[in-house]
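Here is the structure we will look at.
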Amino acid sequence: MTDVVLRLSARDLVPGDLESCGWSGSTLHVENIAGQLARARRGEVDYLAVCPPSGVPVAIGGVDYGVREGAGRLWQLAVHPALQSCGIGTFLIAAAERRIASRGLLRAELDVEDDNPRARALYERLGYVAYGRQPDSWDELAPDGSVRRYETMCTQMARDLDGTPSAGQDGRTNPAVTRSPVSGTN
């Protein structure tokens, strides 16, 4: 294996990015993101893209400022499946936390589905603590193309943003290491 280092930056997701974000979910999901970008233009949410130098998003996620007073709620966090477990999710969360702090807010919150232990383990490593559970639901595309309601149970988690950086919070641009097999010699 050879280590490949990518320079990453976080920026606002823009409508032109959506055609390259199909990896994050169904067409219904991407349409929902388009609606969230309208909310971002009104300042209600931030919607971020993490990109390598090509500018193509490899991770996306939002921060909603209208869920709880004094906090930003991270949601719809996604990393391209081929790049998961490479530190990009940590980079995305750090960028979202900086956005929350830039608004003078001192708390980041998120919900994680109970059947997603890998994500919960990441959030715990970053200092998020469980404080409750609640049901959640959203529309999704069924295999036959119809829209159905997906229902799940989520653990609510939070982290105080008291100036102590979470892992990976070292500035706007950060290298992430990915490993890929290389055959032959260079």
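Evaluation of the salt bridge (charged side-chain N to carboxylate O under 4.0 Å, His left out) test over residues 70-96, restricted to residues two or more places apart or in two chains, returns R73-E109, R73-D111.
V58 has its side chain within reach of P52: a pair of non-hydrogen atoms, C-beta onward, lies under 4.5 Å apart. The shortest distance between side-chain heavy atoms of R11 and P57 falls below 4.5 Å. The shortest side-chain heavy-atom distance between T155 and R120 falls under the 4.5 Å cut-off. D139 has its side chain within reach of R149: a pair of non-hydrogen atoms, C-beta onward, lies under 4.5 Å apart. Between S24 and H29, the closest side-chain pair of non-hydrogen atoms falls below 4.5 Å.
Residues L13, L18, W23, V30, I33, L37, Y47, I60, W75 make up the rest of the hydrophobic cluster containing V45, defined by ILVMFWY side-chain heavy atoms closer than 4.5 Å, directly or through other members.
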Exercise for the section: Might you work through the side chain to side chain contact (heavy atoms under 4.5 Å, CB included) test for R159 and L161, ending with a clear yes or no? Expected result: CA-CA 6 Å; R159 183 174 111 72; L161 304 178; 3.7 Å; yes
Exercise for the section: Go through L74 and I93 one step at a time and tell me if the side chain to side chain contact (heavy atoms under 4.5 Å, CB included) criterion holds. Expected result: CA-CA 8 Å; L74 283 66; I93 292 167; 4.1 Å; yes
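Of the N and O atoms on the side chains of R118 and S85, at least one donor lies less than 3.5 Å from an acceptor on the other residue. In this model, a donor atom of one side chain and an acceptor atom of the other lie less than 3.5 Å apart for Y150 and E113. In this model, a donor atom of one side chain and an acceptor atom of the other lie less than 3.5 Å apart for Q76 and N32.
For the pair Q134 (side chain) and M153 (backbone), a donor-acceptor distance under 3.5 Å is absent.
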